[in-house]
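Worksheet: the structure to be examined is printed underneath.
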Amino acid sequence: MTKTILIVDDEPSNIDVLKEILPNHYKVKAALKGEVAIKLCQKQIPDLIFMDLLMPGLSGLEVIEQLRTEPNTEKVPIIIVSGNSAEHTANEQAQLHVLAHLQKPINQQALNNILINQLAWNLADE
């Protein structure tokens, strides 16, 4: 079964970069606003969410907080993708049960390590 990944970032170029480095067999959806991300999650629960923190409207942390209160999305793995340092968000990660933090610009090997080691996803075509 094809896994669905939701990328939430207010910068289309950041979404494009992440799409480029993800293995092409995943179904990728994108949202430029936190409010749109919540609506997409209500329609179809993704298998993984990449979440930017600093966005207009609802911030990434506010979106995560809302998703964590819903039974259907409370356990969806979320990876923060941000220019902020990992130390700055470590407390938020623990409180919101965020899987990991990827620093922008995204390192391909760090992304692969998370997919393989923390999610046990096969990077080869499924």
Residue pairs passing the salt bridge (Lys or Arg N to Asp or Glu O under 4.0 Å) test with at least one member in residues 38-63, sequence neighbours excluded, are Asp52-Lys104
Applying side-chain hydrogen bond (donor to acceptor under 3.5 Å, both in side chains) to Gln108 and not counting sequence neighbours gives Asn112
Residue pairs passing the side-chain hydrogen bond (donor to acceptor under 3.5 Å, both in side chains) test with at least one member in residues 12-22, sequence neighbours excluded, are Asp9-Asn14
In this structure, CD1 of Ile78 is separated from OG1 of Thr73 (nearest 0.5 Å) by 7.5 Å
Here the gap from Trp121 atom CH2 to Ile116 atom CD1, rounded to the nearest 0.5 Å, amounts to 12.0 Å
Ignoring hydrogens and angles, tell me if any N or O in the side chain of Gln103 forms a donor-acceptor pair with the backbone of Val81 under 3.5 Å.
-> no
Scanning both residues in full, the closest heavy-atom pair of His25 with Asn122 reads NE2-O, 3.6 Å
By side-chain hydrogen bond (donor to acceptor under 3.5 Å, both in side chains), Asn107 pairs with (sequence neighbours left out) none
Distance col, row Ile7:CD1 vs Leu18:CG, nearest 0.5 angstrom, shows 4.0 Å
| Are Val28 and Val17 co-members of a hydrophobic cluster defined by side-chain heavy atoms under 4.5 Å apart? | no
Rounded to the nearest 0.5 angstrom, the CG-CG distance for Leu53 and Asp10 is 11.0 Å
Sorted by chain and residue number, the side-chain contact (heavy atoms from CB on, under 4.5 Å) partners of Ile114 (sequence neighbours excluded) come out as Ile79, Leu99, Ala100, Leu102, Gln118
Between Leu6 and Ala31, the two heavy atoms sitting closest are CD1-N, 4.2 Å
CZ of Phe50 to CG of Leu111, rounded to nearest 0.5 Å, is 5.0 Å
Worked verdict on Leu119 versus Leu48 for side chain to side chain contact (heavy atoms under 4.5 Å, CB included):
CA-CA 9 Å; Leu119 289 168; Leu48 174 64; 3.9 Å; yes
Residues 65-84 vs salt bridge (Lys or Arg N to Asp or Glu O under 4.0 Å), sequence neighbours excluded, gives none
Handout entry: Check: Ile49 and Ile64 side chains under 4.5 Å, non-hydrogen atoms
Key = no
Here the pair of heavy atoms bringing Glu35 nearest to Gly57 is OE2-CA, 3.8 Å
Separation between NZ (Lys29) and CD1 (Ile5), nearest 0.5 Å, reads 12.5 Å
* Under a 4.5 Å cut-off applied to non-hydrogen side-chain atoms, are Cys41 and Val76 in contact? -> no
